[in-house]
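Worth saying up front: this structure is predicted, and the values here are computed from it rather than measured. Each chain gets a letter, A, B and so on, in the order the sequences are listed, and its residues count up from 1.
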Protein chains: 2
Amino acid sequence: MGMENGPSDPLKPPVPTLMAVARMAGVSPITVSRVVRRPDIVSSGTRLRVEDAIRKLGYVPNMVAGSLASARTKSVGVLVPTIANSIFADTVQGLSDVLEPLGFSVILAQSGYDHQREERMLAALLSRRPEAIIMVGAPVTAEGAEMLRRARIPVVETWELPAAPVDAAVGFDNHDAGVVVGRHFAKAGRRRLAFVGGDDRRATQRWHGFVEAAREAGLTEPRRVLIEWQSGAGAGAALLATAPDADAVFAANDAYAIGLLSALRRAGRLDVEPGTVPPIAVVGLGDLEMGRLFSPTVSTIRIDGAAIGRAAAELALDPTKPRRVDLGFELVLRESG
Amino acid sequence: MGMENGPSDPLKPPVPTLMAVARMAGVSPITVSRVVRRPDIVSSGTRLRVEDAIRKLGYVPNMVAGSLASARTKSVGVLVPTIANSIFADTVQGLSDVLEPLGFSVILAQSGYDHQREERMLAALLSRRPEAIIMVGAPVTAEGAEMLRRARIPVVETWELPAAPVDAAVGFDNHDAGVVVGRHFAKAGRRRLAFVGGDDRRATQRWHGFVEAAREAGLTEPRRVLIEWQSGAGAGAALLATAPDADAVFAANDAYAIGLLSALRRAGRLDVEPGTVPPIAVVGLGDLEMGRLFSPTVSTIRIDGAAIGRAAAELALDPTKPRRVDLGFELVLRESG
DNA sequence: TGCGGAAATGATAGCGCTATCATTCTCGGC
DNA sequence: GCCGAGAATGATAGCGCTATCATTTCCGCA
């Protein structure tokens, strides 16, 4: 039993403990602990001696033991669907930018949009006793929600604003975003709308808003094109196969939008005489920088993912802050529609 | 003292411990521990009773305590320069894909390409006693390297192959990549080369290779354009300001390359009569999907970031594996040069 | 010179769990 | 029915640190 004690290689010294430092400096263990955590309350003489011993031994405090003793892990669990080429990377960045300077570590888990895996990952996170959980979306399973409630720590859901969050939420109204894009298409005279994206709850909320706006404008029911693999090219192919006659598409993110536009251009569906309206409009979501560089420049629902992350971190650390923050979104119209 | 004991809210029950489960099930604590970790060695009768108690109480094992007792944290520290819109997100994804199914958690830290911060983050990671450290690049400071060595855990450096890694490395030869791109430009008849990117060690290695190839071909010294903010548009502006006469550019990543191409197109520097060579060639690095969708399609040094992550995870978990894995790269030529 | 209060340091106990060894139980073979 | 070996369970003793309270030291001021 016992962490890191006794040299794994008999030739090399063991990883030093606080006790070793104390012995070397000729003080009690608790004084070493104080030098590490509250140097201001230790006299400069002993502090110097202890710091010396720490340096000589290369002592690195064992936060596992510290956490157990103090009931503070200085860590935050973060659960995202995926981190690779995704709009959530900005949110994680934003989180870290707030958390790391305060000495908090980020324990990152990915659910891959899989319900069972989300539940497992939540359990895994909670077993490490983070001081808060920040996740994209609300927990999908009732089990998951219950676990979070029982953990008695701040829980911040992001990228959506559930009616009854476990604890707190930072995001925007996905349903509204769908409505705004749908209305925009209707006003622009588009008739055959399509929606390209996943089937997670946030996408579905946007879809519902989108449908609502289409109905309201007297349009036929929009087509919903489901994307399996997270790929822009895949989105393009799927749209052309499933809804080839659409004249306006709302894509779940800018990567899909760009993939779509690229496929449409290759298919000659973007050719347009100067001064006329392009035959198909595309609006993305996220305001990726690439969208501004692409040609046509990509219209999008702008969302500040980093700001969501920063706000979430603040709610996570301060339970007295308002538990619901709507950061809104903005329809940014560019060349693509 | 003591984690999570005593109800923070006197009305609500405290977070249950293994001891509470044991009492409820009428067994000893150690038996509960076994049900959680090695259910196969517990008779099905007691197992059922214990599992029942676990469910009733909503017990979530405290891994902090478990880690301290067993000297195994089941966690891996991961240090990247940045995770937002970066080629490293794929590597983190690849890592997680291997690690999470094995029950390992990822503790993520970002250095922001800052030497001091890298050192602080390494110390913070090590204090959590991860079973391995995986980082992008080699530690920049000698202090950092020393800390890692003393930690006596596997350390995997990625995205480069240092001559003397602390422990292991998975990546490719950045110098070579520079040489390959430089030679390619020279062979294509380009004369005024430029290099756009940061000044971290990996970028600098590529730069050296690039310069070497230029010299070897008898070209004038390439220009080096330093990018501060991670933005494609910024890269475009910087190039046009610093090296407006370049006829071939090696960009540190595909996002820069696309920003560059976009700026060049806007400046009319990409206009080309059919059948002739474009006046300026651009090669990126990373093979972003977007590069294939952009027009012109982006030539690039293809690197499989996810594969680097997966390989790194395997080296991290198995110290007997070879300590140096060259995953190589590939020059992919498309329209941009 | 001595006193009181603050500053500095220490002794004790325990966080929640697991490694290790000991003990008890079970059961088939003789 | 008894023995021995394996299966199942338990008692004990920490892991490395910090909360809490106790004690000692220091120093300014009466």
Side-chain angles (χ1 to χ4, degrees), chain A residues 1-6 8 14-50 53-54 57 59-74 103 126-129 131 151, chain B residues 1-6 8 14-50 53-54 57 59-74 103 126-129 131 151:
Chain A
M1 183 199 324
M3 176 171 304
E4 81 202 7
N5 236 13
S8 38
V15 175
T17 67
L18 178 146
M19 189 61 198
V21 176
R23 270 195 293 261
M24 179 167 209
V27 297
S28 74
I30 190 70
T31 298
V32 178
S33 175
R34 284 197 266 250
V35 168
V36 171
R37 299 179 303 146
R38 310 261 337 257
D40 53 300
I41 63 166
V42 177
S43 74
S44 55
T46 39
R47 188 172 61 238
L48 254 42
R49 257 185 311 136
V50 170
I54 288 178
L57 290 170
Y59 171 66
V60 177
N62 183 333
M63 218 165 164
V64 176
S67 293
L68 181 60
S70 70
R72 300 212 53 191
T73 56
K74 281 278 195 171
L126 289 175
S127 76
R128 292 179 191 276
R129 297 297 189 266
E131 297 187 30
Chain B
M1 181 199 324
M3 176 171 302
E4 82 202 5
N5 234 13
S8 39
V15 175
T17 65
L18 177 147
M19 189 60 200
V21 176
R23 271 194 294 259
M24 180 167 207
V27 297
S28 73
I30 190 70
T31 298
V32 179
S33 174
R34 286 198 264 249
V35 169
V36 172
R37 298 180 303 147
R38 309 256 342 251
D40 52 300
I41 63 165
V42 177
S43 74
S44 56
T46 37
R47 187 170 62 236
L48 256 40
R49 259 185 309 137
V50 170
I54 288 178
L57 291 171
Y59 171 67
V60 177
N62 184 333
M63 220 169 165
V64 176
S67 293
L68 181 61
S70 71
R72 298 214 53 191
T73 57
K74 281 277 196 174
L126 289 175
S127 75
R128 294 180 188 278
R129 297 295 188 269
E131 297 188 28

Quiz item: Looking across every strand, which nucleic acid part, if any, lies under 4.0 Å from A:Arg34 by heavy atom: base, sugar-phosphate, or nothing?
Solution: base
Quiz item: Quick one: A:Met63 CE to D:dC15 C1', roughly how many Å, whole number?
Solution: 17 Å
Quiz item: Which nucleotide in the list C:dG16, C:dT18, C:dG10 gets nearest to the side chain of A:Val27?
Solution: C:dG10
Quiz item: When the distance from CZ of B:Arg72 to C1' of C:dT18 is rounded to whole Å, what number comes out?
Solution: 13 Å
Practice problem: Starting at atom CG of B:Leu68, determine the distance to atom P of C:dG14, rounded to an integer number of angstrom. | Solution: 17 Å
Exercise. Taking only the side-chain nitrogens and oxygens of A:Ser28, find out if one of them lies under 4.0 Å from OP1 or OP2 of C:dG10.
Key: yes
Quiz item: Hey, does the side chain of B:Arg129 reach the backbone of A:Pro61 with a donor-acceptor pair shorter than 3.5 angstrom?
Solution: yes
Practice problem: May I have the distance from A:Leu57 (atom CG) to D:dG16 (atom P), rounded to whole angstrom? | Solution: 14 Å
Self-check item: Considering all heavy atoms, the nearest A:Arg47-A:Val42 contact
Solution: NH1-O, 3.1 Å
Quiz item: Distance check: side-chain N/O of B:Tyr59 vs OP1/OP2 of C:dC17, anything under 4.0 Å?
Solution: yes
Exercise. Check whether any side-chain N or O of A:Thr46 sits under 4.0 Å from OP1 or OP2 of C:dT9, and answer yes or no.
Key: yes
Practice problem: Measure the distance from CZ on B:Arg128 to P on D:dC17 and round it to the nearest whole Å. | Solution: 14 Å
Quiz prompt | Min side-chain heavy-atom separation A:Val64-A:Leu68 under 4.5 Å | solution = no
Self-check item: Interatomic distance where CD1 belongs to A:Ile30 and P belongs to C:dA11 [whole Å]
Solution: 11 Å
Quiz prompt | Residue A:Thr31, side-chain atoms from C-beta onward, closest of C:dG10, C:dG16, D:dG10 | solution = C:dG10
Quiz item: When the distance from CG of B:Leu18 to C1' of C:dC15 is rounded to whole Å, what number comes out?
Solution: 13 Å
Quiz item: Is it true that a side-chain atom of B:Ser127 and a backbone atom of A:Asn62 form a donor plus acceptor pair closer than 3.5 Å?
Solution: no
Quiz item: For the pair made of CZ in B:Arg23 and P in C:dG16, what is the distance, rounded to whole Å?
Solution: 11 Å
Practice problem: Ignoring backbone atoms, establish whether A:Ser33 has a side-chain N or O less than 4.0 Å from OP1 or OP2 of D:dT18. | Solution: yes
Self-check item: Side chain of A:Ala69 (C-beta onward), nearest among C:dA19, C:dC17, D:dT18
Solution: D:dT18
Quiz item: Can a side chain N or O of A:Ser43 be found less than 4.0 Å away from OP1 or OP2 on C:dT9?
Solution: yes
Practice problem: May I ask you to test the A:Thr73-A:Arg128 pair for a side-chain heavy-atom distance under 4.5 Å? | Solution: no
Quiz item: For the side chain of A:Ala65, counting heavy atoms from C-beta on, which of D:dA19, C:dT18, D:dG16 is nearest?
Solution: D:dG16
Quiz item: Should B:Arg37 be listed as having a side-chain N or O under 4.0 Å from OP1 or OP2 of C:dA19?
Solution: yes
